[in-house]
Amino acid sequence: MTVKPSQNPRISTRLLQLKTPKTEPTTTPTTSSPWNTRLRELANQSLFTEALSVYREMLRFGASPNAFTFPFALKSCAALSLPFVGSQLHCHVIRSGCDPEPFVLTSLISMYCKCALIDSARKVFDENTQSMKLSVCYNALLSGYVLNVRYCDAFMLFRKMRELGVEINAVTMLGLIPACAGPGYFWLGTFMHCCCVKSGLDVDLSVANCLVTMYMKCGSVDYGRRLFNEIPDKGLITWNAMISGYAQNGLATHVLALYREMKTCGVLPDAVTFVGVLSSVSHLGARSVGCEVEQQIAANGFGRNPFLSNALINMYARCGNLKKARAIFDCMPVKSVVSWTAIIGGYGMHGRGEVAAQLFDEMIRSGVRPDSTAFVSVLSACSHAGLSDKGSNYFAAMEKQYGLQPGPEHYSCMVDLLGRAGQLNEAWELIKSMRVKPDGAVWGALLGACKIHKNVELAEIAFEKVIDLEPTNIGYYVLLSNLYSVAKNLEGVSRVRVMMRERNLKKDPGCSYVELKGRVHLFLAGDRSHYQTVEIYKMLDELENLFEELGGSNRIDREKRSEEKHSAGMAMHSEKLAIAFGLLNTSPGTEIVVIKNLRICGDCHLFMKMVSKIVDRQFVVRDATRFHHFKNGFCSCKDYW
DNA sequence: CTAGGGTTAG
């Protein structure tokens with residue numbers, strides 16, 4: 001779409017007046033420079049509404065805007081995304097004769113781009129700037145293309161710049177590099193990296209930071225880290241790029257380690273740092289660490305930052321303190337769809353589906369439009385609480401009322417919902433009716449439901465599909481094998497084992513974490529590298545003996561153990577190690593927090609139940625399903641804090 | 001013209 005600047009000056013001025021509140025002027029200069037100074041100050045402080053207000057006053061008092069006025073007024077329009085006011089300003093620019101000024105032209109191009117009016121931006125560019133071959137104008141249009149996800153146009157313009165010999169500087173790269181930041185764009189990213197090295201622009205700190213972010217967004221964590229290590233004078237933004245990158249890739253322990261390293265280097269964290277750290281803390285379920293970070297946030301005066309509030313809501317919800325999560329949510333002056341999604345998800349994961357659904361309705365009443373992620377959180381809340389009717393209604397409303405195409409992630413929630421409710425055939429029918437291709441999660445949800453309801457026949461169908469899509473996901477093999485063993489189908493158990501062996505899939509050692517005095521300790525199955533290993537195994541031995549003395553209750557466990565000894569590589573369960581470690585280091589009456597992948601390993605609770613019978617300890621289990629990343633790379637029994 | 005940020009399952 002192209003917006004034409006209004007040709008009628010009276011109308012255009014009136015439009016601007018409508019958009020801004022009246023303020024009484026303290027002085028009434030008719031020369032423009034005092035106005036320009038004020039306008040620039042406000043725009044630089046991000047007070048854009050006020051800046052536009054000053055512009056309006058300026059016109060009212062007969063001062064003429066000039067080349068030092070327009071860039072800041074246009075910047076304010078861009079920031080507030082006011083395309084109509086912007087095009088009025090364009091008209092004023094033309095009337096004032098400022099249009100050949102490069103600073104004004106770039107501001108115009110950028111304003112149109114940020115208002116998503118790329119064609120208008122291109123028109124300004126074509127009509128005025130081509131003969132000048134000015135880098136700034138090309139950069140403005142190029143970053144605008146990237147902003148509007150028109151990567152091909154951006155790269156074509158980049159090629160043209162090289163052909164015409166337009167100067168390519170750091171800002172060009174900063175505009176273009178984010179276009180390579182997505183899963184699958186890795187090779188394009190390395191090409192851009194090469195371009196930067198060849199032109200010597202990689203020594204620019206902001207370009208280097210941008211490249212680090214790009215690699216992390218591509219999922220190329222190793223490349224990102226390597227580049228990070230090579231940056232000699234790391235700034236706060238460098239650290240943040242790396243920390244956020246780890247957080248986005250689910251590498252929570254890396255985040256915490258790097259955060260500590262950053263502090264030892266004497267770099268002071270800011271709000272962005274805390275956002276990344278908090279999201280990792282909530283994934284690890286390390287409540288006390290989260291509280292420590294929260295105190296720092298309060299001490300640094302970042303309490304009002306909406307990004308941080310959302311991260312805190314999530315952290316408290318995941319760490320089991322729903323009340324506090326709710327309190328933070330209630331205090332937020334502006335609740336975005338992300339805030340609502342976080343609190344809804346919080347109630348959902350605590351099984352409070354009714355509240356989650358109420359909140360979802362409240363969100364809609366408050367005028368916030370749910371997005372596809374919000375639907376995932378409400379649907380999963382319904383499935384955990386067994387609210388199948390409610391869930392189905394939301395699922396239907398999604399497309400009908402909000403025009404959102406349900407993706408595989410929504411279907412997997414629905415399959416889970418129907419499946420848990422025992423409606424296995426309905427779940428299967430739903431999968432068959434899907435217009436998008438079901439992914440592993442969808443079939444996996446069906447497989448999980450089959451495990452709960454002991455439906456071997458359907459499980460075999462789901463297994464075949466899921467293994468086709470995710471052949472190396474060991475969890476599904478384990479799930480089917482466990483189902484066979486519950487159904488006493490020993491032939492099935494060995495068949496799955498043979499499959500795993502043939503595909504050379506070794507079950508990754510399970511892992512568990514224990515939070516102790518604000519530190520998170522990680523244990524792998526069969527791990528012997530912990531400094532208290534001897535004591536831990538001794539304690540486990542004693543426990544086993546006690547169970548046997550208590551009589552019979554441990555028969556299953558013993559059978560399992562002998563079975564485990566036969567299959568090579570199986571070792572002491574990680575949660576047992578974690579529990580023993582917790583017992584060793586806490587006094588009676590205290591709560592032990594165990595973080596465990598609950599989906600694949602179900603017998604964690606049995607062991608704890610038996611332990612609680614004989615010792616005075618309470619266990620709190622938190623789910624760590626998502627954190628399989630820990631097993632790669634960073635894992636030994638390290639003390640992360 | 002210009003580097004870093006929050007939400008989602010199984």
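Sequence lines set the chain letters: A, B, ... in the order given, protein chains first and strands last, and positions in each chain run from 1.
- Set against B/dA3, B/dT7, B/dC1, the side chain of A/Asn314 has B/dT7 as its closest nucleotide.
- Taking the side chain of A/Lys114 as heavy atoms from C-beta on, and the options B/dG6, B/dG10, B/dT2, the nearest nucleotide is B/dT2.
- Per the geometry, CG belonging to A/Leu227 stands 17 Å off P belonging to B/dA3, to the nearest Å.
- Residue A/Ser143 places its side chain closer to B/dC1 than to any other of B/dA9, B/dC1, B/dG10.
- Counting distance only, with no hydrogens placed and no angle test, the side-chain atoms of A/Asn305 and the base atoms of B/dG5 include a donor-acceptor pair under 3.5 Å.
- Taking atom NE2 on A/His384 and atom P on B/dT8, their separation rounds to 12 Å, with Å as the unit.
- Nucleic acid contact for A/Asp204: none, since no nucleic acid atom lies under 4.0 Å from a heavy atom of the residue.
- Between A/Leu205 atom CG and B/dA3 atom P the separation is 12 Å, expressed in whole Å.
- Among residues two or more places apart in sequence or in another chain, the salt bridge (charged side-chain N to carboxylate O under 4.0 Å, His left out) test is passed with A/Glu261 by A/Arg225.
- Side chain to side chain, A/Glu294 and A/Tyr316 meet the donor-acceptor criterion of an N or O pair below 3.5 Å.
- Counting only heavy atoms from C-beta on, A/Asp416 has its side chain closest to B/dG10 among B/dA9, B/dG5, B/dG10.
- Rounded to whole Å, atom P of B/dT8 lies 19 Å from atom CG of A/Leu417.
- Side-chain atoms of A/Ser110 lie closest to B/dC1 of the nucleotides B/dC1, B/dG10, B/dG5.
- A/Arg40 is linked by a salt bridge (charged side-chain N to carboxylate O under 4.0 Å, His left out) to nothing, counting only residues two or more places apart in sequence or in another chain.
- Relative to the side chain of A/Lys217, the nucleotides B/dG5, B/dA9, B/dG6 differ in distance, and B/dG5 lies closest.
- Taking atom CZ of residue A/Phe329 and atom C1' of nucleotide B/dT7, one finds them 12 Å apart after rounding to whole Å.
- If you check every strand for non-hydrogen atoms under 4.0 Å, A/Ser336 touches a base.
- When ring centroids are compared, A/Phe329 and A/Trp340 come within the 6.0 Å threshold.
- The side chain of A/Val136 has B/dC1 as its nearest neighbour among B/dT7, B/dG10, B/dC1.
- For the pair A/Phe375 CZ and B/dT8 C1', the computed distance is 13 Å after rounding to whole Å.
- Proximity of A/Arg318 to the phosphate of B/dG6: no side-chain N or O atom is located under 4.0 Å from OP1 or OP2.
- Minimum atom distance to the side chain of A/Ser383 is reached by B/dG10, of the listed B/dT2, B/dG10, B/dA9.
- Residue-to-nucleotide contacts include no donor-acceptor pair under 3.5 Å from the side chain of A/Thr341 to the base of B/dG6.
- Using a 4.0 Å heavy-atom distance criterion, A/Ala271 is classed as a base contact.
- Ranking B/dA3, B/dG10, B/dG5 by closeness to the A/Val275 side chain, first place goes to B/dG5.
- Across all strands shown, A/Ser412 has no heavy atoms under 4.0 Å from either base or sugar-phosphate atoms.
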Begin with the C-alpha distance, continue with both residues' side-chain angles, and end with the deciding distance and a verdict on ring pair (Phe, Tyr, Trp, His ring centres under 6.0 Å) for A/Tyr394 and A/Phe360. CA-CA 10 Å; A/Tyr394 286 129; A/Phe360 189 84; 4.9 Å; yes
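- In this structure, CZ of A/Arg420 is placed 12 Å from P of B/dA9, rounded to the nearest angstrom.
- Side-chain proximity of A/Ile237 to the nucleotides B/dG5, B/dG10, B/dA3 is greatest for B/dA3.
- When heavy atoms are screened at a 4.0 angstrom cut-off, A/Phe103 is found touching the sugar-phosphate backbone but no base atom.
- Residues A/Phe463 and A/Tyr477 bring their aromatic ring centres within 6.0 Å.
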